[in-house]
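In what follows, every heavy atom counts, from backbone to side chain, and hydrogens, waters and symmetry copies are set aside.
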Amino acid sequence: MNSDIAANLATIHQRIDRAAVAAGRRSEEIRLLPVSKTKPPEAVLEAYAAGEPIFGENKVQEAQAKAEALADTDIRWAVIGHLQTNKAKYLARFAHEFHALDSLKVATELEKRLQNEGRGLDVFIQVNSSGEPQKFGLPPEEVADFARELRAFDALNVRGLMTLAVFAEDPEVVRPCFERMQQLQQRLRDDDRAAGSYDELSMGMSGDFELAIAHGATTVRVGQAIFGDRLDPNDYWPG
């Protein structure tokens, strides 16, 4: 096994444990989602051998290729990047979670494809908590109406919310994004018309996951701090 990946994972889990204690939470409430984008299947297997059961990928085709390459394992896959409707048919075949749902168009296509496959899918509504125009996700004020519309989709199991906070070194710049997510989560929990449970907050990455944990994150998505610098996936996947 690559000792760096195993050691990095151990370090991240220790940091999660410390952040949980500092926030007055139990570390068991917080799940690490290793993000393996641009990394070859061998790297995924090293992390899997170290005890990680699920991996996050940004691109559907890369995720599907890895799922097929590692089909003899029980690895689970979460697609965490923006989804085009023409890729929904691929995601519906293998993914266990989708963390970037932000349109009824995508929800409708996923529902159709999942029904055809006889599968369900855990989904997280993506929220643009930073208000940055280049980011995907719904504005916080539009999420409640969207969540109510999702009651019509039987194959979509709404687990909670996801966000990408503003990228900044100053935690006081990042913190408002996570505070908005906590407030939105509570409003949705109190909304009997919203589909889903809203027990989950998928937020926090390599540079800010401890701050996210302090604000209620239940899934933290960590890539480079585990696997190192990103690679060019064309080096090992054709196309």
Side-chain angles (χ1 to χ4, degrees), residues 16 20 25-35 52-58 60 63 67 74-83 88 91-115 117-129 136-140 142-165 177-178 180-205 209 212-213 215-222:
I16 289 172
R25 302 176 61 195
R26 295 182 299 110
S27 57
E28 293 81 7
E29 299 173 9
I30 302 147
R31 177 180 64 156
L32 172 63
L33 179 60
V35 178
E52 301 302 325
I54 184 167
F55 294 86
E57 290 282 339
N58 272 49
V60 174
D74 60 355
I75 289 173
R76 294 166 60 86
W77 298 95
V79 174
I80 62 176
H82 179 70
L83 181 69
L91 187 149
R93 294 171 187 165
F94 73 93
H96 299 90
E97 298 181 11
F98 176 48
H99 286 231
L101 184 62
D102 64 358
S103 79
L104 288 175
K105 185 176 179 182
V106 169
T108 299
E109 189 65 20
L110 277 173
E111 176 76 15
K112 179 176 73 173
R113 299 296 182 174
L114 288 162
Q115 293 286 359
E117 296 286 339
R119 301 182 72 232
L121 180 70
D122 287 349
V123 298
F124 294 66
I125 299 172
Q126 184 171 357
V127 183
N128 186 346
S129 61
F136 293 106
L138 292 166
E142 295 181 11
V143 173
D145 286 343
F146 181 70
R148 294 165 187 164
E149 296 275 7
L150 292 180
R151 292 177 68 94
F153 300 96
D154 294 335
L156 303 181
N157 175 30
V158 183
R159 296 282 306 282
L161 306 171
M162 182 276 260
T163 199
L164 297 164
C177 295
F178 297 146
R180 289 184 195 106
M181 295 300 292
Q182 278 190 299
Q183 294 162 4
L184 180 58
Q185 179 189 37
Q186 189 56 56
R187 288 200 299 272
L188 289 164
R189 282 175 166 171
D190 295 339
D191 187 342
D192 292 337
R193 294 180 293 163
S197 60
Y198 301 94
D199 294 329
E200 304 288 341
L201 281 179
S202 172
M203 60 187 194
M205 300 188 294
F209 70 82
I213 288 170
H215 290 83
T218 60
T219 295
V220 295
R221 309 181 306 273
V222 180

Find the distance between [atom1] ([X]) and [atom2] ([Y]) and round it off to the nearest 0.5 Å.
| X | Y | atom1 | atom2 | answer |
| --- | --- | --- | --- | --- |
| L83 | D102 | CG | CG | 9.5 Å |
| L110 | R119 | CG | CZ | 11.0 Å |
| F178 | I213 | CZ | CD1 | 10.0 Å |
| T163 | M205 | OG1 | CE | 9.5 Å |
| M162 | I125 | CE | CD1 | 11.5 Å |
| H96 | N157 | NE2 | CG | 13.5 Å |

For residues [X] and [Y], report the shortest heavy-atom separation together with the two atoms involved.
| X | Y | answer |
| --- | --- | --- |
| A100 | I80 | CB-O, 3.9 Å |
| M181 | S129 | SD-CB, 4.0 Å |
| A144 | L188 | CA-CD2, 3.9 Å |
| V79 | A63 | CG2-CB, 4.4 Å |
| L150 | A107 | CD2-CB, 3.9 Å |
| I30 | R25 | CG1-NH2, 3.7 Å |

Exercise for the section: Could you tell me whether R113 and E109 make a salt bridge, using a distance below 4.0 angstrom between a side-chain N and a carboxylate O? Expected result: yes
Exercise for the section: Under the side chain to side chain donor-acceptor pair (under 3.5 Å) rule, collect the residues that match up with S202, sequence neighbours excluded. Expected result: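 S202 satisfies side chain to side chain donor-acceptor pair (under 3.5 Å) with H99, R221 once adjacent residues are dropped.
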Problem - Parallel, tilted or perpendicular, as decided by the 30° and 60° cut-offs, for the rings of F136 and H82 - result: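 Correct class here is parallel.
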Practice task
Just do the side-chain contact (heavy atoms from CB on, under 4.5 Å) check on L104 and F153 with the steps written out, would you?
Solution key: CA-CA 10 Å; L104 288 175; F153 300 96; 4.0 Å; yes
Close side-chain approach of [X] to [Y], heavy-atom, < 4.5 Å:
| X | Y | value |
| --- | --- | --- |
| D199 | R189 | yes |
| W77 | F55 | yes |
| V127 | M203 | no |
| I54 | E97 | yes |

Problem - Donor-acceptor under 3.5 Å (Q185 side chain, Y198 main chain) - result: yes
Exercise for the section: With side-chain contact (heavy atoms from CB on, under 4.5 Å) as the test, would you mind laying out the steps for L201 and H215 before giving the verdict? Expected result: CA-CA 9 Å; L201 281 179; H215 290 83; over 6 Å; no
Handout entry: Donor on one side chain, acceptor on other, Q115 and E111, under 3.5 Å
Key = yes
Handout entry: Derivation and outcome, side-chain contact (heavy atoms from CB on, under 4.5 Å), residues V60 and F94
Key = CA-CA 10 Å; V60 174; F94 73 93; 4.2 Å; yes
Handout entry: Worked check of side-chain contact (heavy atoms from CB on, under 4.5 Å) between L114 and L156
Key = CA-CA 9 Å; L114 288 162; L156 303 181; 3.6 Å; yes
